[in-house]
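These notes concern the structure reproduced below.
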Number of protein chains: 4
Amino acid sequence: MTRIAFIGLGIMGSPMAVHLQQGGHQVTGHNLDPSRTQPLVDAGAAAPTIADAVDGAEVVAVMVPDSPDVQDVLLGEHGVFAHAKPGTLVIDFSSIRPDVTVDLAKAAQHKGIRLLDAPVSGGEAGALNGALSIMVGGSEADFAEACPIFDLVGRTVVHVGSNGAGQTVKAANQLIVAANIEALAEAVVFLEAYDVDLTAALDVLGGGLAGSAVLEQKRGNMTSGDFTPGFRIDLHHKDLGIVTSAAREAGVVVPLGGALAQLMAAARANGDGDLDHSALLRGVRRLSGRSLG
Amino acid sequence: MTRIAFIGLGIMGSPMAVHLQQGGHQVTGHNLDPSRTQPLVDAGAAAPTIADAVDGAEVVAVMVPDSPDVQDVLLGEHGVFAHAKPGTLVIDFSSIRPDVTVDLAKAAQHKGIRLLDAPVSGGEAGALNGALSIMVGGSEADFAEACPIFDLVGRTVVHVGSNGAGQTVKAANQLIVAANIEALAEAVVFLEAYDVDLTAALDVLGGGLAGSAVLEQKRGNMTSGDFTPGFRIDLHHKDLGIVTSAAREAGVVVPLGGALAQLMAAARANGDGDLDHSALLRGVRRLSGRSLG
Amino acid sequence: MTRIAFIGLGIMGSPMAVHLQQGGHQVTGHNLDPSRTQPLVDAGAAAPTIADAVDGAEVVAVMVPDSPDVQDVLLGEHGVFAHAKPGTLVIDFSSIRPDVTVDLAKAAQHKGIRLLDAPVSGGEAGALNGALSIMVGGSEADFAEACPIFDLVGRTVVHVGSNGAGQTVKAANQLIVAANIEALAEAVVFLEAYDVDLTAALDVLGGGLAGSAVLEQKRGNMTSGDFTPGFRIDLHHKDLGIVTSAAREAGVVVPLGGALAQLMAAARANGDGDLDHSALLRGVRRLSGRSLG
Amino acid sequence: MTRIAFIGLGIMGSPMAVHLQQGGHQVTGHNLDPSRTQPLVDAGAAAPTIADAVDGAEVVAVMVPDSPDVQDVLLGEHGVFAHAKPGTLVIDFSSIRPDVTVDLAKAAQHKGIRLLDAPVSGGEAGALNGALSIMVGGSEADFAEACPIFDLVGRTVVHVGSNGAGQTVKAANQLIVAANIEALAEAVVFLEAYDVDLTAALDVLGGGLAGSAVLEQKRGNMTSGDFTPGFRIDLHHKDLGIVTSAAREAGVVVPLGGALAQLMAAARANGDGDLDHSALLRGVRRLSGRSLG
């Protein structure tokens with residue numbers, strides 16, 4: 001039994017915290033917006049402040065939207081680093097800029113606190129089913145210590161390098177996923193334009209070298225036009241910003257990444273930010289002067 | 001038992017013809033370059049001319065590289081349409097321009113000949129194992145008649161529409177595959193630049209929404225630097241030309257397709273035309289000023 | 001005084017033919033659509049068929065929209081090559097594919113006919129004012145002979161190489177112009193979004209290294225929203241098709257050219273084909289979810 | 001006569017400071033790297049610290065490379081805002097992020113200091129000849145007051161809006177210039193591939209709608225292969241980072257801007273950072289597998 005503070009009880013964090021509690025740990029949740037905290041309150045524990053949540057915790061889990069959120073939660077005057085005891089293990093499940101993670105890890109070290117970056121893939125379904133993919137950056141020892149916790153929320157858990165490496169792999173993940181969605185979207189509009197039997201076509205595409213998790217999981221959204229998220233355009237937009245700036249920082253040229261960042265920005269600018277990222281299909285339709293269906 | 005002429009006994013056509021023969025059919029092969037014909041000669045039958053091959057055939061299978069090749073084989077003075085008897089079923093396994101297929105189907109109809117476009121996906125391995133994906137355009141009746149033949153060489157066989165539809169789906173296939181390879185290549189160079197554990201990273205990427213047949217089948221080429229084809233850059237370059245011109249023809253805007261056509265052209269212009277298409281990785285390395293490894 | 005047949009009396013061809021006549025030449029016009037022929041009829045001469053127009057002509061000028069049109073006019077059963085006498089000098093002012101021009105030049109040679117490709121830049125205003133830029137491909141001798149004619153319709157007349165070279169330079173021209181328009185359009189929407197004084201901004205941009213003929217001539221369209229052509233999106237779309245396919249043919253990688261071809265196609269697909277090419281601005285606004293103004 | 005402190009005596013700042021002095025002002029220069037300060041020392045005045053330079057100054061001019069440099073110079077412990085007297089007018093000639101300028105203007109206001117952002121275009125030649133284009137953001141009154149100073153270093157001086165607007169226009173300038181250079185580079189390699197007479201072609205291109213300041217000023221670099229800057233790839237790379245992030249911030253989609261940022265990054269990654277930005281030509285040659293000449 002580990003005492004765990006869980007900061008950020010949103011769509012992802014909430015079910016993850018429940019899994020940790022059901023796994024036998026003593027979980028104290030905290031959320032900036034208290035309206036989300038109900039599930040954990042019902043399940044037994046929630047704290048009104050980060051200080052209260054962190055008090056006595058051996059592990060602090062964080063799952064918030066973006067780099068500035070994590071910075072606030074960890075570095076803020078009333079934040080985790082101000083209240084956690086030395087030796088605490090902070091697991092940041094958020095998807096943020098690798099360079100911010102590196103800086104946070106240095107700040108943690110100054111306080112005698114340990115940090116793992118552990119962004120996840122798999123969406124709400126993965127969180128609900130404890131079936132996330134988790135890409136972990138940090139020390140081997142901290143990773144080993146955290147594995148029992150990761151195993152309660154994830155199915156594929158991989159240690160990919162030192163601090164920041166988890167975020168880097170997550171960025172790569174988001175690049176590949178965006179390319180897959182956009183390519184599928186262009187293919188779908190192309191096939192529609194030629195009056196091909198779309199269901200048959202997607203079947204045969206899925207069975208060969210064009211097959212992918214995206215084709216399998218997102219074809220339904222594209223053929224039905226139901227873009228309930230899933231994973232929102234707004235968040236993928238944020239992630240492609242991370243991809244292009246991190247690539248730029250490292251001197252890596254990503255022509256597809258650059259193009260995808262513009263296309264995702266166009267989706268957002270056209271009001272699709274709250275739709276599932278498979279709504280890139282709507283962007284291809286717009287460019288092609290076609291009905292959004 | 002069907003009498004089948006098989007025109008085009010290259011890397012793909014040769015094993016396909018053998019499968020048809022082993023399936024109990026009487027196969028007469030023909031190849032423009034006679035050096036390739038040996039396997040079928042050994043197996044029992046090869047013809048010196050298209051006229052000889054087609055003589056008495058109920059089905060004529062064609063597997064040649066590009067649109068002009070199919071036009072020569074079918075429309076040429078000594079070609080299939082000049083010698084095949086009315087009612088013959090021509091199955092064109094080649095990957096060519098959809099509009100050329102449509103024209104060929106019209107020309108066939110004038111001769112009382114039936115045509116199916118049946119481009120395949122799966123590469124040399126798929127041809128050797130009789131495990132190709134086959135996307136078929138043409139009439140329902142002709143498709144039904146050809147199914148026993150398709151089943152000898154393919155695993156996923158789908159009728160996707162009228163003549164040309166098979167080629168359209170193949171073009172969509174090649175767009176998606178190119179996007180997958182390029183995105184993976186950009187991700188790999190990005191991960192290398194950040195000194196991430198590449199094997200671990202590809203494992204976790206493959207387990208989530210970034211997973212794909214390309215990641216599974218091509219990661220070995222990318223990590224080893226062995227780009228023995230497989231499917232050659234030169235052919236994928238031809239296919240992306242088909243994608244962009246067919247999209248243009250239909251008024252479909254394909255920003256990723258357009259970018260990929262340039263990147264594939266760059267690979268070719270840099271002398272990688274005979275390498276596997278996963279060698280797009282070398283292009284990302286060149287753009288990023290990195291050693292080709 | 002030279003006897004000149006002028007085939008193609010559209011927006012461009014009509015004033016050009018008048019200039020030639022006013023220059024002292026005997027001009028016989030012909031237009032496929034006879035409704036356009038009135039100006040020349042009024043001015044004194046028009047012929048009902050190509051054969052009639054070409055009869056007795058020393059020079060045949062052609063100004064039609066696209067490659068197939070020129071092929072019809074020159075190679076058709078009732079076309080120029082069938083009726084012109086050996087030694088005739090054909091000047092093709094149309095903007096078409098360089099490889100088509102090369103083929104036409106060969107066909108001309110077989111007939112003992114001489115061909116210059118002489119595409120123009122400068123639009124309707126240039127044609128009206130006899131102030132076109134003319135990029136000429138063909139032999140030095142033929143160019144020298146044609147110069148007095150070119151000087152009646154053009155201000156900048158340059159011999160750039162052998163047959164096809166004129167078309168190649170025109171393609172390069174269209175690539176640069178498209179890039180200039182799109183970059184200006186992106187800049188305008190960017191400046192609008194930041195509430196910058198657009199008139200002042202364009203003034204200062206025009207005075208420095210960002211200055212260009214496009215900025216000078218097209219800023220009015222962009223700030224007023226009046227996209228009366230000028231030069232139509234549909235024609236520039238055709239030209240970017242020539243650019244990308246000619247570049248592809250030559251193994252030249254044109255990332256900007258590829259992107260521009262998609263953006264111009266999007267303009268067309270959204271119904272802007274008949275607007276001036278400066279209407280690329282509308283595409284940037286659409287992508288950015290902004291009012292078309 | 002105004003007492004002016006000039007911070008940043010590099011390739012641009014040094015001749016600008018001399019122009020101000022020759023215009024009758026009392027100029028005290030300062031440079032972080034003292035080796036550059038010699039011209040002003042010779043001319044009469046240079047200060048060892050910002051504090052000394054600013055002491056008694058009515059105007060503080062700043063010309064340093066990037067956003068963090070300006071932040072250091074203005075906000076640093078020993079910086080301008082710490083030592084300038086209330087009422088001082090700070091003119092920032094540097095090209096930096098518009099949002100940083102906006103923040104700096106707010107910080108200035110807290111100190112009772114006035115700020116104009118006044119980035120320039122025209123390069124070393126413009127600075128030497130007092131012929132820069134200057135795009136100014138800030139209050140009307142401050143602009144009016146600064147005009148006599150601007151007129152000593154600039155030829156086109158335009159007030160484009162409130163603080164940040166100058167930087168926004170400069171970003172737009174850099175977008176357009178990059179597009180012009182890359183398009184010209186693609187055109188040049190395209191023309192070379194077709195063995196067109198390049199000099200003749202550039203003449204005719206320059207005379208029509210493809211004409212631009214870039215074509216005029218940079219064609220020499222491209223045809224000679226001499227890429228002595230001028231304006232360095234590294235700085236243009238920085239500027240395109242500003243363009244893409246500022247566009248992203250404002251929800252403006254810039255497909256060309258995104259592509260250009262990748263191409264400029266590729267130039268830099270291939271070791272061309274210290275060359276003139278016209279060396280984008282080398283990138284097109286690399287992509288096309290051609291000799292760098």
Side-chain angles (χ1 to χ4, degrees), chain A residues 98 121-123 133-135 155-156 158-161 164-165 168-169 171-173 175-177 179-180 182-184 186-187 189-191 193-197 200-201 203-205 207-215 217 246-247 250-257 259-260 263 284 287-289, chain B residues 98 121-123 133-135 155-156 158-161 164-165 168-169 171-173 175-177 179-180 182-184 186-187 189-191 193-197 200-201 203-205 207-215 217 246-247 250-257 259-260 263 284 287-289:
Chain A
S121 173
S133 292
I134 312 181
M135 20 217 124
R155 189 154 53 197
T156 309
V158 183
H159 182 233
V160 292
T168 301
V169 175
N173 186 78
L175 167 59
I176 294 173
V177 170
N180 263 283
E182 173 67 18
L184 179 59
E186 295 184 10
V189 178
F190 177 76
L191 293 168
Y194 277 103
D195 280 329
V196 168
D197 178 336
D203 286 348
V204 70
L205 291 172
L209 193 51
S212 68
V214 161
L215 197 154
Q217 293 177 38
V252 175
V253 180
V254 288
L256 231 54
L260 291 164
L263 295 166
V284 181
L287 276 171
S288 303
Chain B
S121 173
S133 292
I134 312 181
M135 20 220 125
R155 188 155 52 198
T156 310
V158 183
H159 182 232
V160 291
T168 301
V169 175
N173 186 78
L175 166 59
I176 294 174
V177 170
N180 264 282
E182 173 67 19
L184 180 60
E186 295 184 10
V189 178
F190 178 76
L191 292 168
Y194 277 104
D195 279 329
V196 167
D197 177 337
D203 286 348
V204 70
L205 290 171
L209 193 52
S212 68
V214 161
L215 196 154
Q217 292 177 38
V252 175
V253 180
V254 288
L256 229 55
L260 290 164
L263 295 166
V284 181
L287 276 171
S288 303

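Worth saying up front: this structure is predicted, and the values here are computed from it rather than measured.
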(request) State, to 0.1 Å, how close A:N173 and B:A210 come at their nearest heavy-atom pair, and which atoms those are. (result) OD1-CB, 3.2 Å

(request) Would you mind telling me which of A:L209, A:L205, A:L287, A:D197 has the largest number of heavy-atom pairs within less than 4.5 Å of chain B? (result) A:L209

(request) Mind listing the closest non-hydrogen atom pair of B:I176 and A:A187 along with its distance? (result) CD1-CB, 3.8 Å

(request) Would you check if A:T156 and B:D203 make a side-chain contact, meaning some heavy-atom pair closer than 4.5 Å? (result) no

(message) Shorter than 4.5 Å, heavy atoms on both sides: which option in A:A201, A:G123, A:G161, A:G122 has the most such pairs with chain B?
(response) A:A201

(request) Pick one of side chain, backbone, both or neither for B:L263, based on which atoms fall under 4.5 Å of a heavy atom in chain A. (result) side chain

(request) Check whether any side-chain N or O of B:E186 sits under 3.5 Å from a backbone N or O of A:G257 as a donor-acceptor pair, and report yes or no. (result) yes

(request) Examine distances only and state if a side-chain atom of B:Y194 and a backbone atom of A:A246 form a donor-acceptor pair shorter than 3.5 Å. (result) yes

(message) Please classify the contact of B:S121 with chain A as side chain, backbone, both or neither, using a heavy-atom distance under 4.5 Å.
(response) side chain

(message) Donor-acceptor pair, distance only, cut-off 3.5 Å: does the side chain of A:S288 make one with the backbone of B:V253?
(response) yes

(request) May I ask you to test the A:N180-B:N180 pair for a side-chain heavy-atom distance under 4.5 Å? (result) yes

(message) Could you report the tightest heavy-atom contact between B:V252 and A:A193, atom names first, then the distance?
(response) CG2-CB, 3.5 Å

(request) Count the heavy-atom pairs under 4.5 Å between each of B:G207, B:G211, B:A165 and chain A, then report the option with the highest count. (result) B:G211

(request) Find out whether A:V254 and B:V189 are in side-chain contact, i.e. whether some heavy atom of one side chain is under 4.5 Å from a heavy atom of the other. (result) no

(message) I need the residue from B:P255, B:G289, B:A171 with the largest number of non-hydrogen atom pairs under 4.5 Å to chain A.
(response) B:P255

(request) Specify which of A:D195, A:V160, A:L191 makes the most heavy-atom pairs with chain B at under 4.5 Å. (result) A:V160

(message) Out of A:E182, A:R155, A:M135, return the one with the most heavy atom pairs under 4.5 angstrom to chain B.
(response) A:E182

(message) Among B:T168, B:L175, B:V158, B:V284, which residue has the highest count of heavy-atom pairs closer than 4.5 Å to chain A?
(response) B:T168

